[in-house]
Colleague: 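One structure coming up, written as structure tokens, with questions to follow.
Values below: every heavy atom of this structure, side chains too, minus hydrogens, waters and symmetry copies. All figures in this text were calculated on a predicted structure; none of them were measured in a lab.
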Amino acid sequence: MMRIAFYAPMKPPDAPTPSGDRRMARLLIEALKTAGHEVVLASRFRSWSSDPAAHAVLREQANAEIGRVVRESRSCDLWFTYHLYYKAPDWIGPAAADALGIPYVVAEASHAPKRATGPWSQSHADSEAAIRRADAVCTINPVDGACVRPLLDDPGRLRSLPPFLDPSPYGAGRDAAREMLLRETGFDGRHSVALTVAMMRTGDKRSSYRVLAEALRQAAADGVRIDLAVVGDGGARAEIEKEYAPFGSSVQFLGARAPEEISGLLAGGDMFLWPAIREAYGMAILEAQAAGLPVIAGDSGGVSSIVASGETGLLTPEGDAAAFAAAIALLADNPDRAREMGRAAVRKVESDHTIAAAARRLDDILKSVSRRKAA
């Protein structure tokens, strides 16, 4: 058993505001504990900023934090940082690991060479230095590996860690889940019921909702009838609802829901839809598959590492509304195939994307790092 100092520079795992980043930090902690290790939160310092000018002040604050962290982490055997990149550099972990003489491991590091010049150049350089220092870099999104690998003197330091979750809440009885979903939405159940679970904010999420609306319009023009339940909320909700108003009662907005509600709603659906514009990999996509839904998604980022196109769902070119509409029609017209894809999705999640699977991978990575450090 190791005592692990855990740090998430983008957002601490006990932050009050829910997000995908907070959730993955918590899942990593759970996986490390499942592997038999003790985990302590080394720092709550947040280095993330959307303003590059703010990083000069944040860097000074981080330097002041290092001394306390080192004093309180002397019994730790390994440092583990989750999610660092140019907007959220890790100034604390490498310095603390060096002072303590312990391995430094990173999960989900990304490197953007185009940021080497311009206003983000200093924080980009700081993130690059941390990645180079890492004894192991675990890639959750496989796309990150292309730019991270050249920074490592030993390619073996780059390790794959597929996205994961606890699948147990997603095994709700389908009949009861279906009844609940129809009651929540008012759908009569005569058509395929699709679900979308995504935050409603400007930028890539808004673009994905726009592509989805266009795909639904094209599908409807071709005579395809489906009902869509949308779970999510955010600053762009009013704008998005206005765009979907022409669909009438066939699209229902259910707002933000607690995780336990989402798992039940997903289990009652027939398919999951998300165009995934510039998506890293999409935890909601993984959740949908755990609930037994075939996924139709845009082929962006690491989505293809979760969705096996033609087996557990269908991937379409990113931003291609016509291809997305055709995929919707294919599953809506072939419910037996959709159900088989859903069953295959559950098998894939249970094989490759559980906390237990992540715990085994992490334990192997951390033990190999510790052996190399001791040699």
Side-chain angles (χ1 to χ4, degrees), residues 1-17 19 21-22 24-26 28-29 32-33 37-112 115-116 119-138 140 144 148 151-153 157 362 365-366 369-370 372-374:
M1 184 195 83
M2 284 183 268
R3 193 164 194 261
I4 297 171
F6 187 94
Y7 174 51
M10 187 168 175
K11 177 184 283 189
D14 57 359
T17 304
S19 68
D21 213 70
R22 188 188 75 170
M24 181 51 68
R26 292 179 174 186
L28 280 166
I29 290 172
L32 290 167
K33 290 180 176 179
H37 305 295
E38 180 186 357
V39 181
V40 296
L41 183 58
S43 177
R44 293 181 174 84
F45 179 79
R46 191 180 187 202
S47 70
W48 182 89
S49 178
S50 60
D51 177 11
H55 273 162
V57 174
L58 288 170
R59 191 181 300 106
E60 291 182 7
Q61 294 172 350
N63 288 336
E65 174 85 342
I66 291 170
R68 180 198 66 78
V69 168
V70 170
R71 288 193 302 274
E72 295 180 5
S73 303
R74 292 196 181 280
S75 61
C76 290
D77 304 298
L78 182 141
W79 185 281
F80 193 103
T81 289
Y82 165 62
H83 202 175
L84 70 87
Y85 72 122
Y86 70 93
K87 286 187 179 180
D90 183 8
W91 295 302
I92 297 174
D98 285 344
L100 296 166
I102 59 178
Y104 174 63
V105 176
V106 173
E108 197 166 354
S110 61
H111 180 68
R115 302 295 180 182
W120 293 103
S121 59
Q122 183 58 59
S123 55
H124 166 84
D126 293 341
S127 293
E128 179 177 315
I131 294 169
R132 290 183 183 278
R133 164 62 183 83
D135 295 285
V137 178
C138 306
I140 299 175
D144 291 335
V148 169
L151 304 181
L152 306 177
D153 53 19
R157 288 159 58 196
L362 282 168
I365 292 167
L366 301 191
V369 164
S370 295
R372 288 201 308 269
K373 192 77 173 178

Colleague: Does the side chain of L366 reach to within under 4.5 Å of the side chain of I4, using non-hydrogen atoms?
Modeller: yes
Colleague: Quick check for you: to the nearest 0.5 Å, what is the distance between I131 atom CD1 and E128 atom CD?
Modeller: 7.5 Å
Colleague: Going by side chain to side chain contact (heavy atoms under 4.5 Å, CB included), name the residues that satisfy it together with A15, two or more places apart in sequence or in a different chain.
Modeller: K11, P12, R22
Colleague: Rounded to the nearest 0.5 Å, how far apart are CZ of R115 and OG of S110?
Modeller: 10.5 Å
Colleague: For the residue pair D90 and Y104, confirm or rule out a side-chain donor-acceptor distance under 3.5 Å.
Modeller: yes
Colleague: Could you tell me the separation between the CG atom of L28 and the CZ atom of F6, rounded to the nearest 0.5 Å?
Modeller: 5.0 Å
Colleague: Taking ring pair (Phe, Tyr, Trp, His ring centres under 6.0 Å) as the definition, give me every residue that meets it alongside Y7, ordered by chain and number, with sequence neighbours left out.
Modeller: none
Colleague: Measure across I140 and Y82 and return the closest heavy-atom pair with its distance rounded to 0.1 Å.
Modeller: CD1-CE1, 4.1 Å
Colleague: I need the minimum non-hydrogen distance between A136 and I365, along with the two atoms involved.
Modeller: CB-CG2, 4.0 Å
Colleague: Under 4.5 Å between any side-chain heavy atoms of L41 and P13, yes or no?
Modeller: yes
Colleague: The criterion is side chain to side chain contact (heavy atoms under 4.5 Å, CB included); which residues satisfy it with S127, sequence neighbours excluded?
Modeller: L84, P89
Colleague: Are H55 and W120 close enough that some pair of their side-chain heavy atoms sits under 4.5 Å apart?
Modeller: yes
Colleague: What pairs of residues pass the salt bridge (Lys or Arg N to Asp or Glu O under 4.0 Å) test when at least one of them lies in residues 93-108, not counting sequence neighbours?
Modeller: D98-R133
Colleague: Any side-chain heavy atom of D135 sitting closer than 4.5 Å to one from L78?
Modeller: no
Colleague: Any sub-3.5 Å donor-acceptor pair from T81's side-chain atoms to V106's backbone N or O?
Modeller: no
Colleague: Measure across A109 and D144 and return the closest heavy-atom pair with its distance rounded to 0.1 Å.
Modeller: O-CB, 3.6 Å
Colleague: Using a 4.5 Å cut-off on heavy atoms from C-beta on, say whether the side chain of S370 contacts that of D77.
Modeller: no
Colleague: Of the non-hydrogen atoms in L58 and S47, which two are nearest, and what is the gap between them?
Modeller: CD1-O, 3.5 Å
Colleague: To the nearest 0.5 Å, tell me how far S123 OG sits from Y85 OH.
Modeller: 10.0 Å
Colleague: Can you check whether C138 reaches V105 side chain to side chain, under 4.5 Å on heavy atoms?
Modeller: yes
Colleague: Got a second to check how far R74's CZ is from L100's CG, nearest 0.5 Å?
Modeller: 6.5 Å
Colleague: Verify the ring-centre separation between H83 and W48: is it less than 6.0 angstrom?
Modeller: no
Colleague: Can you list every pair that meets salt bridge (Lys or Arg N to Asp or Glu O under 4.0 Å) and has a residue in residues 38-57, with sequence neighbours left out?
Modeller: R3-E38, D14-R44
Colleague: Would you say L362 and F80 make side-chain contact, with heavy atoms under 4.5 Å?
Modeller: yes
Colleague: What are the two closest non-hydrogen atoms of S50 and P52, and how far apart are they?
Modeller: O-CD, 3.7 Å
Colleague: Which residues pass the side chain to side chain contact (heavy atoms under 4.5 Å, CB included) test with R71, sequence neighbours left out?
Modeller: R68
Colleague: Between H124 and A112, is there a donor-acceptor pair closer than 3.5 Å when you use the side chain of the first and the backbone of the second?
Modeller: yes
Colleague: Using a 4.5 Å cut-off on heavy atoms from C-beta on, say whether the side chain of W91 contacts that of E65.
Modeller: no
